[in-house]
Amino acid sequence: MPELPEVETVVRGLRGPLVGRTFTGVTVLWPNSIKTPIPELQERLPGQRIEAITRRAKYLQFHLSGGDSLFLHLKMSGDLLVEPESEPRHPHVRTVFGLDNAHELRFKDTRKFGRVYLVADPAQVIGKLGPEPLADEFSVEDFKRLFERKKGRLKPLLLNQEFIAGVGNIYADESCFLAKIDPRRAVDTLSAEELEHLYEAIRQVLTAGINHKGASFDSVYRGGEFQDHFQVYGRADEPCLTCGTPIIRVVTGGRSTHFCPNCQQ
DNA sequence: CTAAAATCCTGGTGGC
DNA sequence: TGCCACCAGGATTTTA
């Protein structure tokens with residue numbers, strides 16, 4: 001499911017039901033989801049109150065009263081539900097966090113790629129991430145500086161979370177379209193003007209995604225409607241909405257990549 | 001260094 | 001229907 005706008009939407013939806021609640025226990029149904037030793041998680045989490053929930057890149061961070069942070073990464077198919085403990089659990093629920101109000105935070109994750117971390121030092125999980133593209137203080141000059149001495153093609157670089165945080169496959173393709181840049185371009189050939197366009201495009205596309213409450217796919221995620229506004233992602237062989245040329249799909253860095261061969265150079 | 005491929009997983013879809 | 005190949009929002013690790 002989730003890139004930056006989808007995770008941001010999930011975080012905003014969880015604050016109301018969860019901030020102020022205290023964890024009472026953890027039930028692990030798929031041990032590979034848990035990156036912290038499970039006995040340690042089950043020892044340290046109960047009794048800690050949720051003081052805040054924030055997002056960093058595609059991670060959710062629960063700031064806890066005992067000084068720890070609980071991090072969740074939804075990867076491809078994760079979702080988080082707050083449901084009464086009396087309600088039957090969906091079969092794809094992999095981890096259950098008990099709460100002090102007879103509800104549970106349920107980590108549902110069909111493909112089992114999602115991960116849970118409990119750490120005292122957040123840097124252990126989010127220490128190497130690149131800048132947040134929507135941060136107020138992240139300037140176009142900062143963005144241009146990221147490209148200094150960089151090599152390789154644009155698309156894989158945009159997906160590299162140590163380069164810039166939170167951009168995933170959909171928003172990378174949509175950003176390149178808006179900036180009119182071929183995602184296969186070698187980054188050391190991008191002009192200052194092109195980088196300025198790309199900076200604006202990334203911020204615009206991510207903001208639009210958040211404003212539409214993310215993109216919904218299948219049954220994994222609900223509520224968002226940004227999928228109705230895709231210009232190129234998932235539109236292979238369909239006409240470009242700007243010029244009518246069929247959208248091309250190629251594979252770059254092992255990921256499907258969509259672009260207009262006429263508009264994007 | 002870049003880069004591709006394999007890995008972790010399940011389920012939906014389309015072709016035959 | 002059944003079977004099979006292929007595809008999927010991520011990110012790390014292995015192999016060139």
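Labels below follow one simple rule: chain letters A, B, ... track the order of the sequence lines, proteins then strands, and each chain is numbered from 1. Bear in mind that the values here come from a model prediction, so they are computed numbers and not experimental data.
With sequence neighbours excluded, the residues forming a side-chain contact (heavy atoms from CB on, under 4.5 Å) with Pro31(A) are Val28(A), Ile38(A), listed by chain and number. Residues passing the side-chain contact (heavy atoms from CB on, under 4.5 Å) test with Leu178(A) are Ala201(A), Gln204(A), Val205(A), sequence neighbours excluded.
Spacing between dC9(B) and dC4(C) at atom P, rounded to whole Å, works out to 23 Å. Taking the C1' atom of each, dC3(C) and dC8(B) are spaced 25 Å apart, rounded to whole Å.
Rounded to whole Å, atom P of dT2(B) lies 13 Å from atom CZ of Phe147(A). The separation between Glu6(A) atom CD and dG10(C) atom P is 9 Å, rounded to whole Å. In this structure, the CZ atom of Phe230(A) is 12 Å from the C1' atom of dA8(C), given to the nearest Å.
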Checklist line | Protein proximity profile, nucleotides 11-16 of chain C - base contact B, sugar-phosphate-only contact S, no contact -, cut-off 4.0 Å on heavy atoms | finding: S-----
Check: Once each nucleotide of nucleotides 3-10 of chain B is scored for protein heavy atoms under 4.0 Å, what B/S/- sequence comes out, 5' to 3'?
Finding: SS---BBB
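Within the 4.0 angstrom heavy-atom criterion, only backbone atoms of the sugar-phosphate kind lie near Tyr233(A); the bases stay farther away. Within 4.0 Å of Arg249(A), counting heavy atoms only, lie sugar-phosphate atoms of the nucleic acid but no base atom.
Annotation: side chain to side chain donor-acceptor pair (under 3.5 Å) contacts involving residues 136-152 of chain A, sequence neighbours excluded, comprise Ser139(A)-Asp142(A), Asp142(A)-Arg145(A), Lys144(A)-Glu196(A). Residue pairs that meet the side chain to side chain donor-acceptor pair (under 3.5 Å) test with at least one member in residues 15-38 of chain A, sequence neighbours left out, are Arg21(A)-Asp100(A). Listed by first and then second residue, the side chain to side chain donor-acceptor pair (under 3.5 Å) pairs involving residues 237-254 of chain A are Arg235(A)-Glu238(A) (not counting sequence neighbours). Here side chain to side chain donor-acceptor pair (under 3.5 Å) pairs that include residues 158-169 of chain A, with residues two or more places apart or in two chains, are Lys155(A)-Asn169(A).
If you chain together ILVMFWY residues whose side-chain heavy atoms come under 4.5 Å of each other, Val96(A) ends up grouped with Leu29(A), Val93(A). Side-chain heavy-atom separations under 4.5 angstrom define the hydrophobic clusters, and the remaining members of the one that includes Val232(A) are Phe177(A), Ile247(A). Annotation for Tyr117(A): hydrophobic cluster partners, listed by chain and number, are Tyr59(A), Phe71(A), Val119(A), Val125(A), Ile126(A), Leu129(A) (ILVMFWY side-chain heavy atoms under 4.5 Å, direct or chained).
Atom CZ of Arg153(A) has 12 or fewer heavy atoms from other residues, nucleotides or ligands within 6.0 Å.
Panel note: side chain Asp109(A), backbone Gly114(A); a donor-acceptor pair is recorded below 3.5 Å.
For Ser256(A), a side-chain nitrogen or oxygen approaches OP1 or OP2 of dA8(C) to under 4.0 Å.
Secondary structure note: stems in DNA chain B built from 3 or more consecutive Watson-Crick or G-U wobble pairs under 3.5 Å occupy B:2-8 with C:10-16, B:10-16 with C:2-8.
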